[in-house]
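Working notes, structure below.
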Amino acid sequence: MDEVLLRSLTPSVLAVLVRRGADFAAAEDAVQDALVEAVRVWPADPPRDPKGWLVTVAWRKFLDAARSDAARRRRQDLVEEEPAPGPAPAVVDTLQLYFLCAHPSLTPSSAVALTLRAVGGLTTRQIAQAYLVPEATMAQRISRAKRTVSGVRFDQPGDVATVLRVLYLVFNEGYSGDVDLAAEAIRLTRQLAAASDHPEVAGLLALMLLHHARRAARTAPDGSLVPLAEQDRGRWDTKLIAEGVGILQAALARDRLGEFQAQAAIAALHADAPTAEETDWVQIVEWYDELTRLTDSPVVRLNRAVAVGEADGPRAGLAALAALDASLPRHTAVAAYLHERDGDLTTAARLYTEAAQKAPNLAERNHLTRQAARINSRRDGG
Amino acid sequence: MAKYLLLKHYRGAPAPANDVPMDQWTPEEISAHVQYMNDFAARLEKTGEFVDGQALAPEGTWVRYDGEGRPPVTDGPFAETKDLIAGWMVIDVDSYERAVELAGELSAAPGAGGKPIHEWLELRPFYGVSPTITE
């Protein structure tokens with residue numbers, strides 16, 4: 001049984017049912033029933049048209065459920081109509097499903113859960129494991145999300161920016177449980193890119209591919225972080241990098257710049273450098289200027305300060321940093337790094353220790369503590 | 001999508017505003033207090049924000065390794081002034097603001113006179129998982 005095929009078909013089957021007028025939650029149940037049936041029947045009797053098979057079975061399951069529901073409530077003839085004729089292009093259906101699952105009325109965590117469930121076809125248990133919450137909690141989160149969007153008209157055009165934010169949240173969640181969320185986010189973004197010609201969708205896909213290409217080099221075997229400058233570039237996935245760069249160039253050529261394209265451009269410049277020393281920091285600073293213009297995000301300004309520190313020296317980086325709110329996440333860690341490069345080891349060690357206490361996860365805390373310890377032993381040693 | 005630990009303290013926390021020991025409440029007041037917390041947990045389950053919650057017994061023991069082949073040291077059966085945790089709840093919420101809002105709600109559990117006890121709760125973030133991107 002090809003689980004990947006099943007999962008990739010799920011969203012468009014679901015979308016067909018919803019477009020035919022099925023309530024979102026009921027459609028989802030019917031698709032799940034059809035998937036169970038597929039797992040049972042396909043190994044012995046594989047269909048010629050898997051998607052058509054799933055649509056037919058899911059629609060029958062939906063009608064059965066709707067009929068028995070109607071009967072139970074003594075309301076006859078609620079759903080007797082035959083399916084609406086003439087399926088619309090599947091591409092459009094899938095796109096609408098993405099928009100529905102990332103609807104602005106949902107909280108970010110609900111949108112993420114619903115997207116993984118309905119578009120990604122993951123089980124509730126898999127999503128719960130990935131986010132380290134009980135299965136019952138995730139089930140509630142998903143059914144709440146379904147209720148929230150059940151009144152949403154499906155033919156309204158959605159906001160692609162919201163969809164991209166949700167997919168990027170999934171990508172950035174890191175790795176836990178038995179589902180690789182980064183890979184899942186890439187799969188879903190590929191699917192979205194196939195259904196949409198928006199350059200920012202391509203930008204996000206390029207960004208994910210470029211980040212993902214460096215994944216193997218980012219952690220040591222013991223799980224500790226390896227900073228970009230120290231990564232073994234031989235372990236970067238050159239095929240993914242080439243693909244990401246190609247997608248990015250095509251997107252940039254359309255001259256509708258957005259934040260994901262700009263971020264991907266920065267990632268591409270990192271990926272392009274044969275050694276850390278050969279990184280084109282001047283161009284990276286220029287892209288950060290573009291990003292600042294597009295987003296005006298303090299986090300972008302913080303990253304820009306790092307780039308300025310590399311391009312124009314640590315003093316310039318510290319000057320850029322001084323203009324920013326010190327309570328920003330990782331502000332202290334950046335300050336520690338720039339002070340170290342400037343030769344002020346006492347300040348650097350103190351700031352690394354302070355940054356470790358504010359780190360958002362254990363891997364970063366241990367990394368920053370090690371930085372402080374490294375400088376302290378260097379100072380003690382001479 | 002960040003997890004927080006809500007800690008209730010037996011001792012060690014600043015005194016609540018409505019500071020009447022539980023054994024001086026009426027049985028109905030105790031029931032109302034317990035009901036409030038159960039309802040709170042049930043509501044969080046429904047919103048998909050509940051992760052875990054447990055109550056802890058008041059007696060705790062400090063334990064320390066005492067060298068090869070020796071049993072671990074404990075601090076003995078005598079009462080200590082250690083800071084005792086009464087129980088915890090783990091929540092998984094979208095923002096720090098939401099976590100504070102929920103902690104405030106839990107702190108409003110009714111006590112003596114049916115009035116909120118304004119209990120101090122400790123709110124601590126969990127370390128998250130390592131994000132995909134750190135550079």
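Sequence lines set the chain letters: A, B, ... in the order given, protein chains first and strands last, and positions in each chain run from 1. Not measured: the values here are computed from a predicted model.
Taking B/Gly128, B/Ala2, B/Pro125, B/Ser95 one by one and counting their heavy-atom pairs under 4.5 Å with chain A, the maximum is reached by B/Gly128. No other option in B/Asp52, B/Asp94, B/Leu44, B/Val51 has as many heavy-atom pairs under 4.5 Å with chain A as B/Asp94.
Ring centers of A/Trp236 and A/His212: at least 6.0 Å apart, outside the cut-off. In this structure, the ring of A/Tyr352 has its center no less than 6.0 angstrom from the ring center of A/Tyr337.
Applying the 6.0 Å contact sphere to CZ of B/Arg124 captures no more than 12 heavy atoms from other residues, nucleotides or ligands.
With a threshold of 4.5 angstrom between heavy atoms, A/Pro360 approaches chain B through N, CA, C or O but not through any side-chain atom. Residue contact with chain B, scored on non-hydrogen atoms closer than 4.5 Å, is absent for A/Val306.
With respect to A/Asp232 and A/Arg214, no salt bridge is recorded, no charged nitrogen being found less than 4.0 Å from a carboxylate O.
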